[in-house]
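Structure first, then comments.
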Amino acid sequence: MRYLFAFVSCLLLGAAVPAFAQGDPAQHDEHLAVSEGPSIHLRGFTDIDFSQTDDKNSPDGFSLGQFAGHLSASLGPKVSFFGETSFTARSNGFTVEVERSILRYDYNDRLKVSVGRYHTPINYWNTAFHHGLWLQTTITRPEMIQMGGTFQPVHFVGVLAEGTVGPSGAGIGYNVGVGNGRGSIISRAGDAGDVNKNRAWLAKLYARPAALYGLEVGGSVYHDEVQVANTTDGFPELITGAYAALTTETPEVIAEFANVRHHDRATGIDYNSQAFYAQVASRLTAMPAFKPYARFEKMLGEQAEPVFGDVSSQTTTVGLRYELTDQAALKGEYRRMRHPVIGVVNGIYVQTAFTF
Amino acid sequence: MDSLRRAGLWVASLALIAFVAGASPASAQTRGDLAIVVHPDTPVSDLSFTELRQVFLGERQYWNANVPVVLLIRAPTSAERDAVLNVIYQMREPQFKQYWIAKIFRAEMTSPPKVVYSNESANQLVSSIPGTIAFMAANDVKPGVKVLRIDGHLPGEPGYRLHLSGK
């Protein structure tokens, strides 16, 4: 009788409680059947861009953005899988990349353990937006978190524990992980194994206090030993960062800071490179489809930095985001970048970013 | 004649009492309140408003190690959904959709809340499925579900802060 009741309940759940398919309540699958296999949610993100700059050495015109496919699946009451694959346009074709592949076990809210390839949980932007360009207000990421950039490792292969700590109202959470760290090309993760015997580790602590709705503040530490081509000794790397993000939309404020320290064993010198940005946006109350925004960012480096050289630059961005629909946005922005080698570059950028 | 007049007075008095009772602020408040209901076995009877918000935002995903939170949300264009978006989520519809898309994208949850089309469905599901939490007009609550106290108050009690008007 109990089993019959459970069976009927499941049927009822399947029939009357269709999945909140693709996050859009207007697109329910009313004929959702209950299967014995994993329940899978699929979502895609992509963008189409146009740029025009006064830099003679960079390509202009139209370009296809990354095409990212995201999959989440519940494999049982406490086990889930997250996967993400991207297709990126290159001058000689498209490259395919497994961006994330995570198998996670939830013990409860306080402890969730996973293995796989992650967006490295350092600071805010890298995990909050990453390939989901529709999710971010602006067209591009800040320079410190650029795809293919070297300042911060954007992907991480290893094991991660995460959860909440302290009283529930404080909304304090943590991430602690051990993994391979950067690969032999330091912009890439060590996907096929660690390039040295020193594992990377990271720790992040953040708070989403329920009383201060929409606010998240946090800090993180990341340690690795970076192997640079044509050198025998690795360079110990310590990244420390802090951030605050207010995502109420009226206003939206995001600010991050990170310091990357590389230790040169040969000379005993520590090299510090810093980066920060502050972004402000606000959805217009009278015209909620429009969201003007501005961002200022700065990177400070040293010329003798042995791992990624002088990263110094300063970028100012102003733009306007317009919501074409609930799942598609049109963005236009002006960007001015000052770089010690390239000089000053002015550019106009347009992007349509959407999710489906 | 006197007895007839006395009976008439009794009937008029009873009618007046019934009218006053029916129109009393407490009763009106009960009809206009939004009840938060859970499966009867859920190991929670009282939540603070901030704890309730954490549950609805998917920040709290387990009642305990063995019972996950199963959140049911009314489909759009219902007074209950409007009230919850206004008071608990403090979001408009587009923001609400974006919130859950982002939540899943960040691998914080595997699936968004389930959608129900009526309070009757919500009643049936909450009474059947362990861990389920839903919201509905207080006067639509049926036996078989547990109504949660929010900040120590039940719907209809003074100080209860969830109302269908969303104000």
Side-chain angles (χ1 to χ4, degrees), chain A residues 5-6 8-10 12-13 16-26 28 39 41 43 45 70 72-74 77-78 80-82 84 100 102 104 106-110 114 118-119 127-132 134-135 164 168-169 171 173 208-211 213-214 248-249 288 323 326-327 355, chain B residues 47-55 57 59-77 81 89-118 120-122 124-125 127-130 132:
Chain A
F5 183 67
V8 170
S9 299
C10 286
L12 193 61
L13 181 66
V17 189
F20 187 33
Q22 308 302 307
D24 185 352
H28 301 149
S39 64
H41 287 263
R43 180 162 289 283
F45 292 88
H70 181 254
S72 62
S74 175
K78 285 172 171 277
S80 50
F81 173 75
F82 300 89
E84 187 180 23
R100 281 188 290 175
I102 305 166
R104 191 175 78 190
D106 294 8
Y107 176 69
N108 57 20
D109 284 323
R110 298 196 179 272
S114 55
Y118 308 83
H119 296 156
T127 50
F129 305 126
H130 211 102
H131 304 288
W134 171 78
L135 293 169
T164 58
S168 62
R208 295 173 184 163
Y213 187 58
T248 50
E249 293 239 305
E323 309 299 336
D326 285 354
Q327 297 185 184
T355 182
Chain B
L47 288 175
S48 69
F49 184 74
T50 53
E51 288 171 333
L52 178 70
R53 179 175 277 162
Q54 285 179 319
V55 170
L57 287 169
E59 297 291 318
R60 179 174 178 179
Q61 298 173 10
Y62 288 88
W63 297 115
N64 61 34
N66 298 317
V67 184
V69 172
V70 181
L71 175 60
L72 304 183
I73 296 278
R74 278 294 302 271
T77 68
R81 183 185 174 103
Y89 287 98
Q90 295 179 5
M91 294 177 191
R92 298 176 302 113
E93 279 288 344
Q95 275 179 276
F96 179 72
K97 289 174 194 170
Q98 183 171 347
Y99 178 83
W100 288 108
I101 292 170
K103 194 88 178 161
I104 294 163
F105 174 79
R106 291 164 194 164
E108 294 179 5
M109 295 186 84
T110 53
S111 61
K114 313 295 182 203
V115 173
V116 287
Y117 295 92
S118 68
E120 192 180 345
S121 295
Q124 288 176 332
L125 294 165
S127 62
S128 312
I129 303 167
T132 309

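Here is the naming used below: chain letters follow the sequence lines, and residue numbers restart at 1 for every chain.
Annotation: ring-ring contact (aromatic ring centres under 6.0 Å, His included) contacts of Tyr62(B) (sequence neighbours excluded): none. Under the ring-ring contact (aromatic ring centres under 6.0 Å, His included) criterion, His70(A) pairs with Phe105(B), not counting sequence neighbours.
Leu47(B) is listed as a side-chain neighbour of Arg60(B), based on a closest heavy-atom distance under 4.5 Å. Contact check for Gln90(B) versus Arg53(B): side-chain heavy atoms found under the 4.5 Å cut-off.
Both the backbone and the side chain of Gln61(B) come within less than 4.5 Å of a heavy atom of chain A. For chain B, the nearby part of Thr248(A) is the backbone; its heavy atoms alone come within less than 4.5 Å. Proximity to chain B (any heavy atom under 4.5 Å) is shown, for Pro288(A), by both the backbone and the side chain. Contact annotation for Tyr118(A): neither backbone nor side-chain heavy atoms come within less than 4.5 Å of a heavy atom of chain B. When heavy atoms are compared at a cutoff of 4.5 Å, Met91(B) approaches chain A solely by way of its side chain, counted from C-beta outward. For Glu108(B), the parts lying under 4.5 angstrom from a heavy atom of chain A are both the backbone and the side chain.
Using modelled atom types, one side-chain atom of Lys78(A) and one backbone atom of Tyr107(A) make a donor-acceptor pair closer than 3.5 Å.
Contact count against chain B (heavy-atom pairs under 4.5 Å) is highest for Glu249(A) among Arg110(A), Glu249(A), Glu323(A).
Remark: Glu59(B) engages Lys103(B) in a salt bridge, criterion side-chain N to carboxylate O under 4.0 Å.
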